[in-house]
Amino acid sequence: GKPRDIPVILGCGSNDTSDAVKYVERAKKMGADYALVVSPYYNKPSDEGIFRHFEAVSKIGIPIIVYNIAGRTGKNISTDLLCRIAELPNIAGVKEASGDMNQMIEVISRLGRVKPDFCVLSGDDGLTLPLIAAGGDGVISVVSNLAPAIVTELCETCLKGDFEKAREIHYRLMPFFKAAFVDGNPTSIKYAMKVKGLPSGGMRLPLVEVNDKAKEIIKKALEECENVIVNIHSHEIKHDTDDEPDDFLIEFCRKCIDSGASAVIGTGTHQLKAVEIYKEKPIFYSLGNFIFQSDMVFCMPDDFREKYKMPY
């Protein structure tokens with residue numbers, strides 16, 4: 001088939017090893033690049049049982065990402081056990097969702113640093129920055145369902161070693177890192193996507209929509225880290241000439257920059273000058289009619305939008 005730009009990872013977990021093998025076989029047949037296999041849940045096998053579970057799926061011939069999430073399985077995969085599993089063929093990495101940074105760093109030390117092809121990924125959005133700072137490789141993310149470009153930017157910035165910028169992105173997203181799990185996952189992220197008008201599907205029992213208190217928390221978090229693309233059309237913002245901005249436009253830029261805007265997006269030189277008046281070295285992108293194809297984000301304070309009846 002046609003090569004993909006983005007690798008596809010299919011979840012193939014089960015607490016029945018024979019079922020897990022079937023799911024991994026199906027993933028391979030469908031052309032997936034990786035299979036994500038969770039440690040057996042509920043029946044809480046011994047370390048030897050977990051090893052044999054991964055030994056069985058490793059024989060299928062597709063790269064396997066081990067999924068360690070003791071909070072859902074009831075059984076942590078210790079670093080010693082993971083090192084043993086990593087010696088099996090086709091074990092490509094781990095989604096580390098133990099929540100224990102000490103363990104995650106130990107995994108990086110004993111596997112990520114000595115086996116260059118072994119990928120250590122965070123399973124918790126809020127720990128992406130410290131994990132990569134310690135030598136990890138990225139995240140299998142929940143929040144990226146809602147904000148893929150921003151989570152990608154966070155990872156890429158961390159991997160480049162620009163942790164000053166990465167911290168800014170991290171703290172900007174932090175309110176939603178918490179809200180994304182306020183009433184369970186995936187129920188919370190599904191509701192957030194619904195609020196933003198994005199397709200997320202419904203719930204099947206025993207999962208139900210988040211409660212009213214959680215809805216308010218999610219909405220508030222979305223407001224705190226609001227990320228919308230805004231085009232400043234010259235016919236909607238009045239200015240005296242094509243070259244000089246008026247007081248309104250300067251105030252507009254001031255409010256948005258103070259609110260944490262990472263970009264002011266527009267179509268004329270008067271907008272660039274408005275930002276330059278307020279801030280010496282702004283980030284400015286003039287994208288014309290292609291604005292809505294941009295991945296740049298723009299923060300619009302709600303009170304300013306309402307005051308000036310902005311149609312965005």
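- If you take OG on Ser58 and CG on Asn90, they are separated by 6.5 Å, rounding to the nearest 0.5 Å.
- Under a hydrophobic clustering in which Ile, Leu, Val, Met, Phe, Trp and Tyr are joined whenever their side-chain heavy atoms come within less than 4.5 Å, directly or via other members, Ile9 and Val57 fall into different clusters.
- Side-chain contact between Gln103 and Asn76 is present, with heavy atoms from C-beta onward closer than 4.5 Å.
- Looking at Val114 and Ser109, their side chains never come closer than 4.5 Å, going by heavy atoms from C-beta outward.
- For the atom pair Arg113 CZ and Ile108 CD1, the distance stands at 9.0 Å (nearest 0.5 Å).
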Inset, instruction - Test side chain to side chain donor-acceptor pair (under 3.5 Å) on Thr157 and Asp162 and set out the steps. - result: CA-CA 5 Å; Thr157 304; Asp162 186 355; 5.9 Å; no
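- No salt bridge links Glu209 with Lys190; every basic N to acidic carboxylate O contact stays at or beyond 4.0 Å.
- Note on Val210: it clusters hydrophobically with Leu198, by side-chain heavy-atom contacts below 4.5 Å among ILVMFWY residues.
- Judged by distance alone, the side chain of Asn68 and the main-chain N or O of Ala97 form no donor-acceptor pair under 3.5 Å.
- Asp183 contributes a side-chain N or O that, together with a main-chain N or O of Asn211, makes up a donor-acceptor pair within less than 3.5 Å.
- For the pair Ser78 (side chain) and Leu81 (backbone), a donor-acceptor distance under 3.5 Å is present.
- Between Asp47 and Arg84 there is no salt bridge, since no side-chain N of the basic residue sits under 4.0 Å from a carboxylate O of the acidic one.
- Remark: Lys220 NZ to Phe176 CZ distance equals 15.0 Å, nearest 0.5 Å.
- Of the N and O atoms on the side chains of Ser98 and Glu96, at least one donor lies less than 3.5 Å from an acceptor on the other residue.
- In terms of modelled atom types and a separation under 3.5 Å, the side chain of Asn15 and the main chain of Tyr41 share a donor-acceptor contact.
- Of all heavy-atom pairs spanning Ser14 and His53, the tightest one is O-CE1, 3.4 Å.
- Annotation: side chain of Met104 is not in contact with side chain of Val120 (no heavy-atom distance under 4.5 Å).
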Legend entry - Test side-chain contact (heavy atoms from CB on, under 4.5 Å) applied to Ile91 and Val66, step by step: CA-CA 7 Å; Ile91 301 299; Val66 177; 4.1 Å; yes
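- When hydrophobic clusters are built by joining Ile, Leu, Val, Met, Phe, Trp and Tyr residues whose side-chain heavy atoms come closer than 4.5 Å, directly or via intermediates, Leu36 is grouped together with Leu121.
- Side chains of Val24 and Val21 form no contact here, defined as non-hydrogen atoms less than 4.5 Å apart.
- Cluster membership for Leu82 and Ile105, using ILVMFWY side-chain heavy atoms within less than 4.5 angstrom, is shared.
- In this structure, Glu106 pairs ionically with Arg110, as a charged nitrogen and a carboxylate oxygen lie closer than 4.0 Å.
- Taking the charged nitrogens against the carboxylate oxygens, Glu48 and Arg52 do have a contact shorter than 4.0 Å, which makes a salt bridge.
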Inset, instruction - Apply side chain to side chain donor-acceptor pair (under 3.5 Å) to Asp16 and Ser18, showing your working. - result: CA-CA 6 Å; Asp16 182 324; Ser18 61; 2.5 Å; yes
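- Considering every non-hydrogen atom in both Ser188 and Ile218, the closest pair reads O-CD1, 3.7 Å.
- Across every non-hydrogen atom of Tyr23 and Cys12, the tightest pair is O-SG, 3.6 Å.
- Contact between Cys155 and Thr128 at its shortest, heavy atoms only, is SG-CG2, 3.8 Å.
- Cluster membership check: Ile217 shares its hydrophobic cluster with Ile189, using side-chain heavy-atom separations under 4.5 Å among Ile, Leu, Val, Met, Phe, Trp and Tyr.
- For the atom pair Ile60 CD1 and Lys28 NZ, the distance stands at 7.5 Å (nearest 0.5 Å).
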Inset, instruction - Quick one: do Val107 and Val94 satisfy side-chain contact (heavy atoms from CB on, under 4.5 Å)? Show the steps, please. - result: CA-CA 9 Å; Val107 168; Val94 62; 4.1 Å; yes
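- Here the CG atom belonging to Leu131 is positioned 5.5 Å from the OG atom belonging to Ser122, to the nearest 0.5 angstrom.
- Side-chain N or O atoms of Lys194 include none that pairs as donor or acceptor with a backbone N or O of Pro199 at under 3.5 Å.
- Here the side chains of Tyr34 and Pro7 are in contact, with some heavy-atom distance below 4.5 Å.
- Looking at heavy atoms from C-beta onward, Cys83 lies in side-chain contact with Leu111 at the 4.5 angstrom threshold.
- Distance check, rounded to the nearest 0.5 Å: CD of Glu168 to CG of Leu154 gives 11.5 Å.
- With respect to the salt-bridge test (charged N to carboxylate O, under 4.0 angstrom), the residues Lys219 and Glu224 do not qualify.
- Considering all non-hydrogen atoms of both residues, Ile132 and Cys158 come closest at CG2-CB, 3.6 Å.
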Inset, instruction - Let me see the working for Phe54 and Ile77 under side-chain contact (heavy atoms from CB on, under 4.5 Å), right down to the final yes or no. - result: CA-CA 12 Å; Phe54 284 101; Ile77 298 178; 4.2 Å; yes
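- Looking at Arg167 and Arg172, their side chains never come closer than 4.5 Å, going by heavy atoms from C-beta outward.
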Inset, instruction - Could you give me the CA-CA distance, side-chain angles and deciding distance for Ile62 and Ile64, then say whether side-chain contact (heavy atoms from CB on, under 4.5 Å) is met? - result: CA-CA 6 Å; Ile62 180 176; Ile64 302 293; 4.2 Å; yes
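- Within the 3.5 Å criterion, the main-chain N or O of Val143 finds a donor-acceptor partner in the side chain of Asp125.
- Closest approach of Pro45 to Lys75, counting heavy atoms only: O-CE, 3.4 Å.
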